[in-house]
Amino acid sequence: MQGVESGRITRPRSGSLRLLADGLGLSAAERAVWTAIAHGGLPASGSEMNMPQAPGHSTTVQPQPAEQSGTDARPEQQQPNRQMLSADPSLTRGAAPSAPSRHAPRQLPAPPQMFTGRAIELANLEKIHDASTVVISTIDGMAGVGKTALAVHAAHQMADRYPDGQLFIDLHGYTDGVAPTPPGEALDRMLRTLGVPGERIPADLDERAGLYRSRLADQRMLIVLDNAVSETQVKPLLPGAPGCVLLVTSRRRLAGLDHTHTLSLDTLPVTDAITLFRRGVGDSRLADQPPVVLVELVELCGRLPLAIRIAAARLRSHPTWDVSHLVQRLRDQQHRLTELAAGQRNVTAALDLSYQDLTADLGRAYRLLGLHPGPDIDLYAAAALLDTTLPEVGRMLEQLLDSHLLQEPTPGRYRFHDLTRAHAAHTATEEETERGRRMAIDRLLDYYRHTAAMATDAAQPYEHEHRPQVPPARTLSPALSDPAAALDWLDNELPNLLAAASYAADHGTPAHLLHLSTILHRHLRTRGRLHDAVTLHEQALAVARATGDQAAELDSLTGLGHIYRLQGRYQRATDHYHQALQLNRDTGNDPGEVDALTGLGHIHRMQGRYEPAVHHYQQALQLTRTTGHRPGELNALVGLGHTHRAQGRHGQAADHYQQALVLARATGHRIAEQAALVGLGDIHRRHGRHEQAADHYRRLLDLAHESDDRNWQFEARQGLGRLQHATGHPVAALTHHQQALALATDLGHPDDQARAHDGLAHAYLALHQPEQARTHWQHALDILIRLGVDRTDDEETTVTAIRAHLVDVADHRKAAPSE
């Protein structure tokens with residue numbers, strides 16, 4: 001401090017500050033201000049702060065001009081203060097938290113109301129904060145031991161230190177009947193929560209993980225990964241930059257995670273277990289109970305928090321029971337559900353007891369809900385399973401919630417705890433007939449199939465005739481006539497719809513799987529869920545072949561062909577289209593043949609084989625005009641327009657685009673209208689008709705935003721970027737092409753990525769940044785070579801043109817030193 005006073009040292013050491021703060025008796029908040037001032041920061045502009053005074057000293061800090069204050073200082077002036085504060089956490093421990101962002105995610109479940117004990121564990125978790133690294137703490141232990149409760153309770157205690165929000169995701173590592181959440185799906189959910197649109201989420205796991213780490217860079221977030229099954233599931237979900245804390249719960253120790261604070265959770269000590277039971281029942285109810293009876297009760301519950309809470313709820317609901325009666329009943333039930341691990345039999349006894357106390361209708365509801373194959377359930381799906389009305393099912397779900405046999409993680413959506421799900425499903429197997437179980441599942445599958453078809457028709461009415469006509473469900477569906485509501489329903493229920501389709505594949509209900517495969521095809525494409533689409537269509541193809549359903553086999557083949565084509569897997573797509581054409585000779589499925597012909601036309605065109613492309617499109621066009629298949633006619637017209645444009649026959653191309661535009665608007669086919677607008681916009685741009693081109697591109701962008709279709713948003717951005725470049729506005733062009741590249745990357749469309757890179761290269765070259773231009777052209781060239789094609793839908797983006805640009809840039813770099 002003498003060095004500071006003499007002017008030899010401009011900033012004091014952290015240790016000196018800490019000792020002086022101790023001597024002055026500063027509070028935690030005062031330490032934060034003291035430290036900030038010492039390192040060049042100041043209190044908020046326009047305020048006056050009085051520091052605590054040592055005897056005989058005054059430390060009033062006067063406000064300073066805005067250009068010097070901590071609030072209005074430039075970022076480069078503020079940054080050292082933040083770095084110094086984070087470098088020595090002891091100086092700011094307990095300081096007032098940073099103000100949270102208004103839009104920061106807050107996903108933590110509510111704090112467990114009866115959380116008891118765990119003082120040592122909480123103290124250990126309290127020590128894990130370290131701003132210089134990613135902090136990972138794993139909480140492992142047996143089922144029902146309270147891992148999630150501890151993680152959530154601790155997370156709430158530390159949440160104010162992480163102002164950028166909290167993420168929470170159940171990884172379903174040990175959820176009976178539900179497959180563990182793949183890391184790619186978990187990343188998908190978290191990226192959506194972090195504001196990344198679904199179609200901008202990459203398909204590749206490593207790319208998703210990279211985007212996730214980028215989103216978390218420079219963020220201070222708290223992340224809870226609940227119910228993990230393995231290190232492999234968790235590793236892609238780890239942040240890459242300091243500032244975040246990660247709590248992971250699992251039934252097994254995740255020893256393969258490096259640099260991890262491990263907390264193995266044991267059952268509650270007897271005293272804490274009794275305290276938890278007392279809190280659940282009330283001291284007045286237990287006033288005359290011998291301590292030995294309470295000890296036996298919590299031991300029969302395995303001293304597991306879940307079982308103790310359920311037992312307390314049962315006692316509360318029976319005023320005439322005493323603890324001895326409850327203990328006797330628990331003793332009698334220890335033989336049930338012997339397939340569960342021996343250490344969990346007492347939990348089973350408590351669940352059995354809770355179940356037996358239900359009324360007949362609640363017991364049946366509990367059993368049948370355990371048959372649901374997806375991660376959660378809403379009122380309508382529950383009503384289908386139970387074959388009852390919405391008010392009645394709402395009443396029963398609320399009573400099951402009150403009995404702690406069901407959870408409601410978000411309003412209107414319900415799920416089981418792992419143990420109660422297993423218990424409910426097993427009880428259904430024991431007490432429901434096979435016919436009764438099958439009828440319940442059939443009602444559920446009927447509901448999902450019918451409602452998915454209804455929602456898809458509302459969201460994408462122009463392809464109604466190409467989808468299967470499914471029978472109505474026996475139970476009520478939500479009103480989904482509004483396209484936005486229909487899309488929301490499809491998005492929310494997609495995990496359940498995919499689970500239902502998978503269940504149908506495994507349990508001998510092929511019609512539900514085959515219908516869902518066709519119904520969900522377009523939604524999966526527009527949402528960028530190409531990998532899910534491949535899985536679903538491959539399941540459908542296997543079932544169609546096993547059951548001899550050739551029409552469904554044809555739909556699956558063409559569906560897979562379309563998805564493989566979008567992924568740039570042209571040979572696999574071609575194989576599936578050819579199989580579809582061969583099969584069509586036996587089935588006479590004209591729409592399927594049209595799809596296969598246009599698909600082959602697209603691939604021939606992408607690979608520069610224009611004559612075969614025209615041949616396939618014309619075949620499809622002739623067939624559609626004979627059969628009246630309007631969607632197929634539109635696809636063929638647009639395909640012919642693209643092909644003629646690529647050949648430089650712009651008059652013929654414009655004629656086909658115009659025919660498609662008129663027909664699309666007459667039939668309400670938004671996708672074909674957007675495709676025609678792209679083609680016409682490109683032709684106008686190429687011929688210098690810039691105003692007409694701008695009108696078409698902007699109309700396209702409006703339509704794409706209305707339907708939240710990222711594919712056509714890409715086309716609009718790419719076209720606008722080309723147009724801005726043509727009109728001498730390279731900065732605006734750069735912006736559009738950057739947005740286009742982000743869309744193409746997140747959709748997983750490599751050929752479109754090459755087009756965007758080419759647009760960026762032209763913009764950078766116009767901005768006199770040849771090195772940036774060279775980088776983007778090289779990216780574009782690498783993509784096209786990998787795909788085995790020499791051109792794209794942009795006439796400007798060809799292998800020959802890109803190589804010429806690279807040569808020009810190289811020559812420019814050689815000449816630059818002498819200029």
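Just so you know, residue 1 is the first one in the sequence shown, and it goes up from there.
Residue pairs meeting the side chain to side chain donor-acceptor pair (under 3.5 Å) criterion with at least one partner in residues 727-737, sequence neighbours excluded, are Arg717-His736, Gln718-His737, Thr727-His729. Sorted by first and then second residue, the pairs that involve residues 700-715 and meet side chain to side chain donor-acceptor pair (under 3.5 Å), not counting sequence neighbours, are Arg670-Glu706, Asp708-Arg710, Asp709-Asn711, Arg710-Gln713, Glu715-Arg755.
The closest side-chain donor-acceptor pair between Ser517 and His537 falls under 3.5 angstrom. No hydrogens or angles considered: a donor-acceptor pair under 3.5 Å links the side chains of Asp682 and Tyr697.
For the pair Leu747/Asp752, no side-chain contact is recorded, criterion being any heavy-atom separation below 4.5 Å from C-beta on. Contact of the Leu520 side chain with the Leu490 side chain is registered, since non-hydrogen atoms from C-beta on lie closer than 4.5 Å. Tyr564 places a side-chain heavy atom less than 4.5 Å from the side chain of Val534. At a threshold of 4.5 Å between non-hydrogen side-chain atoms, the residues His521 and His562 count as touching. Counting heavy atoms from C-beta outward, Asp575 and Gln571 have side chains that approach closer than 4.5 Å. The closest side-chain heavy-atom distance from His644 to Tyr610 is not below 4.5 Å. Contact check for Ile802 versus Gln778: no side-chain heavy atoms found under the 4.5 Å cut-off. Side-chain contact check for Leu734 versus Leu760: some heavy-atom pair is nearer than 4.5 Å.
Side chain of Tyr212 to main chain of Leu237: a donor-acceptor pair is present (N/O by atom type, distance under 3.5 Å, no hydrogens or angles). Here the side chain of Asn496 pairs a donor or acceptor atom with the backbone of Asp376 at under 3.5 angstrom. In this structure a side-chain-to-backbone donor-acceptor pair under 3.5 Å is present from Arg220 to Arg161. In this structure, the side chain of Thr792 engages the main chain of Thr797 through a donor-acceptor pair within 3.5 Å. Side-chain N or O atoms of Tyr577 include none that pairs as donor or acceptor with a backbone N or O of Asp595 at under 3.5 Å. Counting only distance, with no hydrogens or angles, the side chain of Ser502 and the backbone of Leu498 share no donor-acceptor pair below 3.5 Å. In terms of modelled atom types and a separation under 3.5 Å, the side chain of Gln107 and the main chain of Phe168 share a donor-acceptor contact. A side-chain donor-acceptor contact under 3.5 Å links Asp204 to the backbone of Glu207. With Arg791 contributing its side chain and Arg605 its backbone, the two residues share no donor-acceptor pair below 3.5 Å.
Ion pairing of Arg699 with Asp695 is absent here, as no side-chain N (NZ or NE/NH1/NH2) approaches a carboxylate O to less than 4.0 Å. Between Arg208 and Glu185, none of the side-chain N atoms (NZ, or NE/NH1/NH2) sits under 4.0 Å from a carboxylate O, so this pair counts as no salt bridge. Taking the charged nitrogens against the carboxylate oxygens, Arg722 and Asp758 do have a contact shorter than 4.0 Å, which makes a salt bridge.
Separating the CD atom in Gln772 from the CG atom in Leu767 is a distance of 10.0 Å, to the nearest 0.5 Å. With rounding to the nearest 0.5 angstrom, the CG atom of Leu637 is 11.0 Å from the CG atom of Leu661. In this structure, Leu566 CG and His602 NE2 are separated by 9.0 Å, a value rounded to the nearest 0.5 Å. Atom OG1 of Thr518 sits about 4.5 Å away from atom CG of Asp555, to the nearest 0.5 Å.
Considering all non-hydrogen atoms of both residues, Leu497 and Ala452 come closest at CD2-CB, 4.2 Å. Between Val248 and Val234, the shortest heavy-atom distance links the atoms CG1-CG2, 4.0 Å. Nearest heavy atoms, Gly641 versus Ala653: O-CB, 3.3 Å. Shortest non-hydrogen contact noted between Leu524 and Ala533 is CD1-CA, 3.7 Å. For the pair Ala660 and Val638, the tightest heavy-atom approach, listed with the atom from each and the gap, is CB-CG2, 3.9 Å. Across all their heavy atoms, Pro239 and Cys244 have their closest contact at CG-CB, 4.0 Å.
If you look at His762 and His805, their ring centroids are closer than 6.0 Å. A centroid separation of 6.0 Å or more is found between the aromatic rings of Tyr570 and His604.
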Go through the steps to decide whether Asp491 and His523 satisfy the test side chain to side chain contact (heavy atoms under 4.5 Å, CB included), and finish with yes or no.
CA-CA 9 Å; Asp491 288 335; His523 188 71; 3.0 Å; yes

Test side chain to side chain contact (heavy atoms under 4.5 Å, CB included) on Gln607 and Leu787; report intermediate values, then the result.
CA-CA 9 Å; Gln607 296 179 328; Leu787 292 176; over 6 Å; no

Apply the test side chain to side chain contact (heavy atoms under 4.5 Å, CB included) to residues Arg686 and Arg645: give CA-CA distance (whole Å), side-chain angles for both, the deciding distance (0.1 Å), then the verdict.
CA-CA 10 Å; Arg686 296 284 290 182; Arg645 191 188 73 196; 6.0 Å; no

Test side chain to side chain contact (heavy atoms under 4.5 Å, CB included) on Arg529 and Asp188; report intermediate values, then the result.
CA-CA 10 Å; Arg529 304 287 289 263; Asp188 179 277; 4.1 Å; yes

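Checking Leu216, Val245, Leu247 one by one against Ile223, the side-chain contact (heavy atoms from CB on, under 4.5 Å) holds for a single residue, Leu216. Checking each of His690, His650, His696 against His684 for a ring-ring contact (aromatic ring centres under 6.0 Å, His included) leaves exactly one that passes, namely His696.
Applying the ring-ring contact (aromatic ring centres under 6.0 Å, His included) test to His642 and every residue at least two apart in sequence or in another chain returns Tyr657.
At most 12 heavy atoms of other shown residues, nucleotides or ligands fall within 6.0 angstrom of atom CZ in Arg698.
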